[in-house]
Structure formats: C-alpha cells, structure tokens
Chemist: 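I have a structure I would like to understand better, so I am pasting it below and will then ask my questions one at a time.
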Amino acid sequence: MNKTNERKLTIARAMAEAVAQELRVDPRVFVMGEDIGALGGVYGNTRGLLEEFGAERIRDTPISETAFIGAAVGAAQDGMRPVVELMFVDFFGVCFDAIYNMMAKNTYFSGGSFKVPMVLMTSTGGGYSDGGQHSQCVYGTFAHLPGMKVVAPSNAYDAKGLMTAAMRDDSPVVYMYHKGLQGMGWLGTEPGATVHVPEESYALEIGKAKVVRDGTDVTVVSLGMGVHHAMKAAKELQEQGVSAEVIDLVSLVPLDRDTIRASVAKTGRLIVVDEDYMSYGVSGEIIASVTEHDISVLKAPPKRVAFPDVPIPFARVMEQFCLPNPDKIVAAWAGMQAA
Amino acid sequence: MNKTNERKLTIARAMAEAVAQELRVDPRVFVMGEDIGALGGVYGNTRGLLEEFGAERIRDTPISETAFIGAAVGAAQDGMRPVVELMFVDFFGVCFDAIYNMMAKNTYFSGGSFKVPMVLMTSTGGGYSDGGQHSQCVYGTFAHLPGMKVVAPSNAYDAKGLMTAAMRDDSPVVYMYHKGLQGMGWLGTEPGATVHVPEESYALEIGKAKVVRDGTDVTVVSLGMGVHHAMKAAKELQEQGVSAEVIDLVSLVPLDRDTIRASVAKTGRLIVVDEDYMSYGVSGEIIASVTEHDISVLKAPPKRVAFPDVPIPFARVMEQFCLPNPDKIVAAWAGMQAA
Amino acid sequence: MTPSRDQLHWMYRNMVTSRRLEEAIAKIYLEGKTPVFNMANGPIPGEMHLSDGQEPVAVGVCAHLTAEDVVTATHRPHHQAIAKGVDLDRMVAEIFGKATGPSGGRGGHMHIFDPAVNFACSGIIAQGMGPAVGAALSRKVQGKPGVAVAFVGEGAVNQGGWHEAMNLAALWKLPFICVIEDNAWGISVAKAAATSVPRNDVRAAAYGIPGHHVEDNDPYAIFEVAGEAVARARAGEGPTLIEVETYRLAGHFMGDAEAYRPEGEKDGLFAKDPIPKMRWRMLTDGTATETELDAIEVESAERVDAAIKFARESADPAPEDALTSVFAA
Amino acid sequence: MTPSRDQLHWMYRNMVTSRRLEEAIAKIYLEGKTPVFNMANGPIPGEMHLSDGQEPVAVGVCAHLTAEDVVTATHRPHHQAIAKGVDLDRMVAEIFGKATGPSGGRGGHMHIFDPAVNFACSGIIAQGMGPAVGAALSRKVQGKPGVAVAFVGEGAVNQGGWHEAMNLAALWKLPFICVIEDNAWGISVAKAAATSVPRNDVRAAAYGIPGHHVEDNDPYAIFEVAGEAVARARAGEGPTLIEVETYRLAGHFMGDAEAYRPEGEKDGLFAKDPIPKMRWRMLTDGTATETELDAIEVESAERVDAAIKFARESADPAPEDALTSVFAA
Ligand SMILES: Cc1ncc(C[n+]2csc(CCOP(=O)(O)OP(=O)(O)O)c2C)c(N)n1
Ligand SMILES: Cc1ncc(C[n+]2csc(CCOP(=O)(O)OP(=O)(O)O)c2C)c(N)n1
Ligand SMILES: [Mg+2]
Ligand SMILES: [Mg+2]
C-alpha cells in the first residue's frame, strides 16, 4: 500500500478529491455542514470545493445538527446524495435521533421504498489534548445501532476509495476519520496515513477488512489510528522474534468477521486495539466474534488495549496514559505469554 | 426472592413507592418528565406522586428532553436530587448530549467538585408491536459511555431497592425499566416481575449481579426481561436433565464481572441473553469479559441470544421472530452440545 | 382564497374517509383486547393514535398539494396520509402489519411511507421537520417544483429540532410550510403547561417569516391560509408557519382514559365536531346537496371497508423477512 | 441604571485582567509549537478560544452578580470566569492541565468549574442553557436566592437546546437570563449566513419575555440592561434575553488564519477595542483618574503574571489519576 513514488496525499486531500470527483459527475451530490465552505472544513477535507462548486452545492450551515442532518435525510429521500459533516463525532448527542432513528431506519421502516443514500462524515479521536468533549471515537456507539454502514479509514488510499464507495452507496454510510491521521500538521499527524493515492476515481468495497501485515504468532485487530499503533508494535515484536499479523477492520458495519476468524485460527492469539472506550464496544465485539465461533484455536485469552472507561482527560500526561500505543500492545503480548 | 405471602407489588408501584419514600424524607428530591404528573407516568411509575407532593416537586415538562435533562443536571449540581424520566429510551437521540456529555461527565470534568446526583429513569423493550422507534433497549449504548451508572431491574423487589439506591447515589444513575415487566396489563406484563416488596425503604448495592438460579452445566447471563426468559429456559432445560445457572446482571455499570466469571468457571458454558441489538453491545462485552479472563474454563464457545442487527419491526410475527425467548435459549444449549 | 365546489367536496370526502377509517380502526383495535386490554393482542397491536377531529387541518392544507409535493406527518398520521393520497388499501395493510403494506409490516401505523405521493411519517416528536426542510432544499437546489409541508402537534413546537429546522428553512428561503395542529394537548400535558406563549404563530417572528393562526378548526380558514402559504412557497418567497386550533376527539392513544381532561371538555369538543359542521355549512350555503353528501359518505365508508377487507385478507409477512430491507437493495 | 464609580473600576479591572490573561496565554500557547504548529505540544496543548474584545459583556453582566448566582459559560469562557470571580491561580493551572487546577487537569480550558462562585462551562454549543435553567429552577423551588445566567454565542441560538431551555425558563418564570455574545461569527460562518433574523433579541417574543439588544459592545449599556434583567429575575418576574453586539478580536481559536473575514474587518474592530474606549470614557467623564487606571492595569498584569507563575510551577497530575473522579467520591 505504501508506494513511495508518485502521489502521496493526506487523508484530508484524499477525501476532498473523492468528493470533488463525485460532485463533478453526479449532480445529485452536495455537501453540507459547519465551516465546510470558505474554511474548507476544520480538518481540511472539503478544501477547494466551494471554489469549484459554489455555495449552492457546498453549504455552510448554522450550528443546527439536528436540522441539517435531518434535512440531508429528506434530501436523500428526495433523490439527492448529500454528504454531511458532523464536525466532531463528540457532538452526536445533539443530533443522534436524526442519525440513528431516521437516517439509519427509514430504509427499513419504508420496506425499502425510500432510500437514504447519504454520507455522514465525522472526525474522531484524541491525543492532542482537546478535552473530553472533543477527543472521543464512540465507534462502538455508531456500530451498535442497526441500519447504517460504518467505515473508518487508516490511510489516504482507503480514505479516497471508501469515500467514493460511500457516496455511491444507496444506504447511509457513517464515515469516521481520525483527526490524528488527517495530515493536518496542527493535529500532529501520523505520517503513515499519507500514502500514494491514484488520481482517478475508485471505490473500495465496504465491509472488507484488510490484512495489512502477515504474521503467525498473534493477530492484532484495529482500525483508524490503532492500525498505526499496531504496525509499530508489530515491528517491535518482530525484533523480539514474534510475528504479528495486523488486521485493519476498515469497516465496522458490515463487520468482516471471516477475515478476523481466519487470522486468529492461524495465529491462535488475539489483541484488539481500540481508541474507543473499552466496555460494551468494538473490543468486546471482536473478541466475542472470535470466541463464539471457535475457542479451540485460541492459545491464550484474548487481550484488549482500549481507552479505559473514563471520560477523556485534558492534561497531556493523563490523556497519554489512557490512550492505546505501541508499547501497550507489546505489553499485551508479554502478558499473554505470562498467562 | 419470590415470597408468595404478603405484599406483591408491580415494578411500577415499587418504583413509585421508592420515589415517594425519598420525597418524604429528602426535600432535595423532585421528579420531572413528560406526563409524570396527572397521568402518573405512561408506565405508572409516578402514580400518586402529584397528589401527595404537588406540582412543584412533581413537574410535567414540555416535550423538551434536552432542556429538562440539562436542567436536572443544573439542579443536581446546585444541590438538588432530581429524578427525571425519558419516556421511552428510544428518544435518547434528541437529548443524549445532555446525558452522556454532561450528566455523565461533569463530575469528572470538575475533578469531583461538582456532583451530579440524579436519576434518569427510562423505559425499554418491545414485544407489544410498538414499532422501531418505541421498542428498543439500547442497553449497550448507555453502558458503553463512561460516567453514568446503569441499572435494570428484573423484578419489583430489585426495582424498589435500586431506585432508592439510585436516588441516594451521589453520581448519576440511568435506571432502565422494561415495559413488559412494569405490571401494566396493557403492556402484557410478565407475572414473574411482580414479587414481594417490603414496605419500608431499602437500598440495594449498585454494581452487584445476582445468581438467581444455581446450576452446574451452563451459565445464562441476562438482565431485565431476559432474566425471565432465562428462568423459563432453565426450567425446560432441567426437564432435559441440564442444570442451568442464571445470572441477573442487575447493573451494567459497574459490571460485576467477578460473579459472571465465577459462574462460568463452575459451569464451563456461557449463554448471554440480550434484548438489545446483538453487535457491539452487552452480549459481546459479557463474552469478552469471560474469555479475556480465562479461556481454559470454557467447554464450548459462548453463545448469544440477542436481537439481530435490524431495526425493530412492527408486525408481530416479525418482532417475535427477532426477540429472545426461552426456546432460543434452549436451542442455544443444544447448539453448544452439537458443536 | 375560497375553496371551489369541487375542492369542498374533495375536502369533505377526505374528512369523512379519515373519520370512517379511525372509527373502524378503533373497533378492530379492541378485537382480541377484551376482557384484558393488552396492546400486544388483536389484529392491530401496538400503540394507536387516532386523528378524529383533526381532519380539517389535513384537508385544508392538502387541498393545495399535488402528489409531487412532500408531506411529513407524525405519530398521528392517518388523516394526513389520506388527504395526501396515500394508497388506502396498502396503508391499512401496514397498520395491520401485513405483507401487503408499503413497508411489508416493518413500519406500522407510525411509519407509513408512500413514495408515489411523497409521504412519510415518524414516531419521534418533531422528527419530520428536518426531512421536510431537506426535501424543500432538494427541490430548490435542483430547480424542481414542489413544496414540503411538515405537520406537527403543538407539543412538538417546544422540541429543539423544530426550532433548528424553522431557522434553516427561513435562512435558505425554502418552499417549506410548518403546520401545527394545536389540539391543546400533548398526551396529558395541556398546551399552557408546556408552551410559554399562548399561540405558536408568534414564533414565526423568531425566523422573520409570516405566521398565521386559525381558530376553531375551521376547514375554510385553513384552506385559505394554507393556500397563501403554498402560493408563497411556490413563488420562491420562503416558508410560512401556520398554527391551527383543532380538536382531539379521541384519547391520545387507544386506551387513554383521559382523566386529565377538565370535566366537560370532551362534550364541548364533540358539539363542535367539524364534520357535521362542514356538512351543515355546505348545505346551508348551497355548495353541496344532501344527495351529494350522502353519496360521499356512502362511498367513503365503502372505500374504508374495502381497505379493511384488503388488509384483513392479506397475508402476514414471513417472519424471517424481518431481516431484510435494512439496507437498500 | 448607571454603574457607580466603584463598579466602573471593578469592570475595568476585570476587563483588563481578562485581556492580560488572553495575551499571556496567546504567547505561552505558541511555546513549543514553533516552527511546526502542532496543538499537542507546548505548555498549553489543545484548542484555545480567546475572548479578546468580548470583555464588556462579561463585566457588564457579572457586575450585578454575587458568588451565589450561577453562571454557565461556553468554550470561550475566560472573560466570564474572571468576571464571575473564579480563582485565577487555579483556573490558569487548569488551562495548563496542572494538578492544582480545580479539576486537577481533567477539564482544561473548556471545562472550568468553580463551585465557590457557581461557575461552570462546557464545550458543546448551547450546552450550558439547560444547567443554568436547572439552577434557576433549583433556587425557585427551594426558595433560595440567586439568578442563573447562561452566556452563549450568537451561533448557539440556532441550536435546538437553546430553544428548549428558553421555553422552559419562560414557562416556569425562572430567575434566568440568557446573554448572547454576538461576535458576528461562529468559527467561519457569519451570523447572517446562519441566523434567519438580523437580531436575536426578537426571538424573545417566541417565549413571551423581554428581549434587549445592545449595540457596539458598550459596557455601560450592557451594565444597564443586565441590571434590569437581574432585578427582574430576583423579583421573580422571570427570564430575560439579551443580545450584545461584541467583537472577536482574536481568531476563533489559536491558529485560525481568519481568511474568511472580509478584508479590513479586523482593523475596524481593533479601532473599537472596548478597553481603550472605556479608559478614555472614564477619564473624560471623570469617573477615574489616570493614576487609578494605571494602577489597575499594573495590578491586573501582576495578578495575571502571578497566576501564570502559579500554573507553571504547579506539578503535572499523576497520569493514573486520569482514572479517578469518574464517579462522586
Ligand atoms: C422526542 C419525543 N418525546 C416524547 C415522545 C412521546 N410522545 C408521543 S406523542 C406525544 C405528545 C405529542 O403532542 P403533540 O405534538 O401536541 O401531538 P398530538 O399527540 O397532540 O397529536 C409525546 C410526548 C416522542 N414520541 N418523542
Ligand atoms: C453542538 C456543537 N456543534 C458544533 C460545535 C463546534 N463549534 C465550536 S465553537 C463553534 C462556533 C460557535 O459560535 P458562537 O456560538 O457564535 O460562539 P463563538 O465561538 O463566536 O464565541 C462551533 C461551531 C460544538 N462545539 N458543538
Ligand atoms: Mg397536541
Ligand atoms: Mg459567535
């Protein structure tokens, strides 16, 4: 995936490119959200769109998430293909009804006679001391509730392909991008997320996990930022003579359980890395998905490296103490050996 | 627990009694919500309170959940002890910010200098064809996010003791009562929930699961309505010569992992029964909690009997097809044997 | 703007059809629910919110709409669905939870959808505001004709989403109309106990748009203000807010004992039942004859009977179809 | 109602203290963030929203409040915290994420809490409305004195929670005041691009309460309307809505290039900086002498320096304390 020649893009630019390419060919697409016009999105993912497509199709909104996400549902049902932005996923609490009870369910409630082809893109993640209302992931919250696809890219190549796929999907897709991967320097970006991105439009299949590193001793499953932690940990483990396989979930809904199970069947060990709160979330689901399927393959109890069940603290030392990192993954491996 | 003499109360009456008893002794307590006054609550759990305590302390509100739950946070921080009702948990989407980002976090954000002693009571569950916006449990959603305790009684004795405990707790408690257990005939109530309730005030410790049936072959873990399904299944299994242990979680946060692990260590088998959506929720967390601790005790992969990942359908045949029931639990046992 | 003779007959027909349907449902709903009233039982399980008395709002507004216009309705949607032209057979089948319903039984009476006439509804208060505004936006952006109407109860006006949507519609000057059916109650809570102003039309000032108030459930007056509002919207002049004083002749939902109502209130409302009132007015001013109105009444009753027969005779959905239609096909 | 000489000096002192603090933070914030601007670095990491230019609102309102009154502020809370009397040393320590902050570093600059003066703030738009209304309810129900003031930005007025809380406060006639700091921008979105009416005081009509508008960031005028509103609230006459035209002299947050601002706008604002303006006015009308104001300025700067010294010298929290204070002790 890491072609070093050619065309390295940040996730922000990859997202904007995907959106721009669809805007060019599909008149039904438009973009709506706070500060996505002149500012180009707080995270840069709509940069340049206003200039090319104008204010009718690139709409700054009032701070009225319930109204504009609800409006996107109505526009989608009326045949358009809105891409809306919820600036921080932390803000979902003011508008979740429009999301989980309407966007996600109207296809079902209408027996499929209404379609809701829209993309809800939203930023996740912490690590830069933005405090407990601006640093969350809440992956588990979105993935738990039926009716919406949920994807989370870990690099620019996937970011573009997933965005194109999301915009072309006839069902609502929640597109969760991690601030620390955006390629915005002011967010202390992870360089591994900035990769080669083909210029032409392409779509990834939604619902497929990726084995991003082959290994034989342990399977490390993660998404978004966690994939980069996992890759770093895998390198460190390799120095210890341990071969870690790394799986990038890419999509939480649908969840590609087969890929995870096949990997754990091979390695016999599972570590889940999740920046979201530990309990009742992604880490539990991955572990359950493996163990309910077959416990005989497991050589050790699965482990999780997740955010503890506390609000996200502001102070850097506290936040870093809570966040997953490569060291914690390596330690989880060590813990498995001890057990 | 099922004393048949004396004083059988429905959960609705047990809740109202607990609230009334605290209202009598603690002037800081007041109740707020939609239709909790003259109507006595759609589910009867505030019946009689307006008459005894008057409209200042028993406040009907506008249909403004964000405002009145936010107001409860402010009143709690100002030294009062509000009990607020969110009529159906399904409505959390219009007001979740006030709940998960403020009620649940202000204690932490203030380093403990502000306390938020409030109870958010809310009805859960389906089974009576109320459609996909009036039948959900979303247990996992509330339990996933840090800062709020989350309890769910399965019978009137626990209902009263938990409510008293919740009102006396200095932290916010989400009190999730299942409509089908309320003892309101029009909701087709489960008779097993109506049990002996002592008249005097008492509090249960929040965070303790209960082994409500001893067994040796399989542990069935559930909460709320699921406990009754589990008990019925256990009886059926007994006829097949299988001894099922049944655990009533009672509390999702804190989660009493020790009790679950001890039981599974004994039985070697685990079935989780959850009326909430299957993925990324309670069932995954329980299975992960057991398997991350010790896989060697497991004689078979754990199983879940949960609501499939689809919105809740209206038509009775469809809804009943999706809901957990005793037969599905028995079938899960059978599946474990086959595997 | 006064309704033509044809429009009046159309309005009366739809009012009567709606009332007949609600009467029929009220009866059928109780089947299987006696002696013990348990919502889960009978051919129509679940909650049931009837619209008896509120028909004038639906017909007065929808008289100005075509199939291409958009309506979002609430948990109490039958009168509006009928006035908007939703297929009655299939709608009733959905209320019964049958496979022939437009949602194949997945939706039920709070989730009736009909793309042919751009009708949708939902069970969360004020939830229809956003989608109606979005449909209006869709038409404006695409240069396509059509106005969008969100019907809400007076209780919904205190919900945050209502405010956000009003501001958005006004800001973007969308072809949108919010029609408030003020039936004086939100379940057991009186309007005065929930709303800080006596009349919600004054809230139009908060968005810089026209606000209208219609007294006494008058279908003629509703027709008039709605006509203005629709014309305004079609002319690209932006949204309008209309509050109509209407009557809830039924309980909030089936099974509601309504002990919270002041004594005598219901009697007073029944005395003002808009259907006999309109009948009387048409006969008096000569816009209809007895024969015509009798025919409308008979036809409406027959139409309802046929729909109920269709619903009753339709098959239940296959249980496992509960797992389909989660995502678009 | 005009401010007394003492009140004026108090107001000026708090305006200057606030400004000195913001200036100091702006400088310190960049420590460790050059040459590469990365929010995560330096003694003050994370987002930083400064209040330069908005001081008149805070002081004009808080001049009427005592420690017992309640204030909820926003993501831009420093000026209000200072005017409300939040302990400056500890507040700055919290901004630095130190153990000596009132939240021990858990909160940060958007989550400053001080129970001694009933001050709280939060990072979600309009989130403080509910708690302020609830505190007002608490006082009313318990018969305890005190009014509650929610400060919000003009952008927050389009948020649903704002509307719900206004209705609730008006309905229950609570001792509540909503003060809108209209700094003309919500991040990059101009008020006119977000709000369907030019002035939000007209929205008071939607709740049947008085609405006031103050032009041109004038601390004297703010003092006057706030005084009326507080007196009204204390007298049990219910809530008031106040919108103040103020200026955001800084970017939305540190690092904001403000390319969205029309050219010259910022220069115009700096020319109207309320602090030199007030200084000039007091000197002109004789309510203060140069010596007095110089002293205030020196003392304010020293106060800020001391607070920053305190914060800098305070210890970091223990990392594992991140796991404490989730629930009440
Ligand atoms: C957000 C939300 N809160 C509460 C409810 C429960 N509820 C259903 S109908 C209703 C009353 C609605 O009153 P109104 O808007 O006046 O409509 P009406 O029932 O009178 O037609 C309430 C509170 C809901 N469905 N959604
Ligand atoms: C519900 C919500 N939506 C969006 C944001 C992101 N956000 C933070 S500040 C801001 C602008 C606020 O504008 P205004 O209320 O006028 O306050 P100002 O920043 O001008 O002081 C936005 C959109 C948020 N914090 N909460
Ligand atoms: Mg009503
Ligand atoms: Mg502003």
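Naming: A, B, ... by sequence-line order, numbering from 1 per chain. Since we're looking at a predicted model, the values are computed, not measured.
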Chemist: Could you go step by step and tell me if B:L255 and A:Y280 meet the side-chain contact (heavy atoms from CB on, under 4.5 Å) rule?
Modeler: CA-CA 10 Å; B:L255 176 61; A:Y280 303 96; 3.6 Å; yes
Chemist: If I compare all heavy atoms of B:P311 with all of A:P146, which pair ends up nearest, and what's the gap?
Modeler: N-CG, 3.7 Å
Chemist: If I measure from the heavy atoms of chain B, does A:P308 come under 4.5 Å with its side chain, its backbone, both, or neither?
Modeler: neither
Chemist: What's the spacing between A:R257 CZ and B:S279 OG if we round to 0.5 Å?
Modeler: 4.0 Å
Chemist: Under 4.5 Å, counting heavy-atom pairs only, tell me which of A:G131, A:A288, A:C95, A:A104 racks up the most with chain B.
Modeler: A:A288
Chemist: Distance only, no hydrogens: is a donor on one side chain within 3.5 Å (strictly under) of an acceptor on the other, for A:D309 and B:H144?
Modeler: no
Chemist: If you count heavy-atom pairs within less than 4.5 Å of chain A, which of B:L270, B:V94, B:V290 leads?
Modeler: B:V94
Chemist: Strictly under 6.0 Å, is that where the ring centroids of A:Y108 and B:F314 end up?
Modeler: no
Chemist: Under the salt bridge (charged side-chain N to carboxylate O under 4.0 Å, His left out) test, which residues partner A:K149, sequence neighbours left out?
Modeler: A:D169
Chemist: What option among A:L252, A:V138, A:I99 has the most heavy-atom pairs under 4.5 Å with chain B?
Modeler: A:L252
Chemist: Counting heavy-atom pairs under 4.5 Å to chain B, which of A:H293, A:M278, A:M102, A:K105 comes out on top?
Modeler: A:K105
Chemist: Closer than 3.5 angstrom, by distance alone: can the side chain of B:N101 be matched with the main-chain N or O of A:D90 as a donor-acceptor pair?
Modeler: yes
Chemist: So which part of A:S296 gets closer than 4.5 Å to some heavy atom of chain B, the side chain, the backbone, both or neither?
Modeler: neither
Chemist: Which pair of heavy atoms, one from B:P301 and one from A:D294, lies closest together, and at what distance?
Modeler: CG-CA, 4.4 Å
Chemist: Got a second to check how far A:I295's CD1 is from B:I295's CD1, nearest 0.5 Å?
Modeler: 7.0 Å
Chemist: Heavy atoms only, distances under 4.5 angstrom: which of B:S289, B:A98, B:G132 has the most pairs with chain A? Name it, please.
Modeler: B:G132
Chemist: Going through the distances and angles, do A:F91 and B:F96 end up as a ring-ring contact (aromatic ring centres under 6.0 Å, His included)?
Modeler: CA-CA 10 Å; A:F91 309 159; B:F96 207 41; over 10 Å; no
Chemist: Go through the structure and list residues passing salt bridge (charged side-chain N to carboxylate O under 4.0 Å, His left out) with B:K299, not counting sequence neighbours.
Modeler: none
Chemist: Using a cut-off of under 4.5 Å for heavy-atom pairs, which of A:I287, A:V272, A:T66 has the most such pairs with chain B?
Modeler: A:I287
Chemist: Could you pull out the closest heavy-atom pair between A:L145 and B:F92, with the gap in Å?
Modeler: CD1-CZ, 4.3 Å
Chemist: Between B:Y139, B:F307, B:Y100, which residue shows the highest count of heavy-atom pairs closer than 4.5 Å to chain A?
Modeler: B:Y100
Chemist: Identify which part of A:F109 has an atom lying under 4.5 Å from any heavy atom of chain B, answering side chain, backbone, both or neither.
Modeler: side chain
Chemist: Between atom CD of A:E65 and atom CG of B:D97, what is the distance when rounded to the nearest 0.5 Å?
Modeler: 9.5 Å
Chemist: Using a 4.5 angstrom heavy-atom cutoff, name the option from B:L298, B:V310, B:T291 with the most pairs to chain A.
Modeler: B:T291
Chemist: May I ask you to say whether A:E292 pairs ionically with B:R304, meaning some side-chain N is under 4.0 Å from a carboxylate O?
Modeler: yes
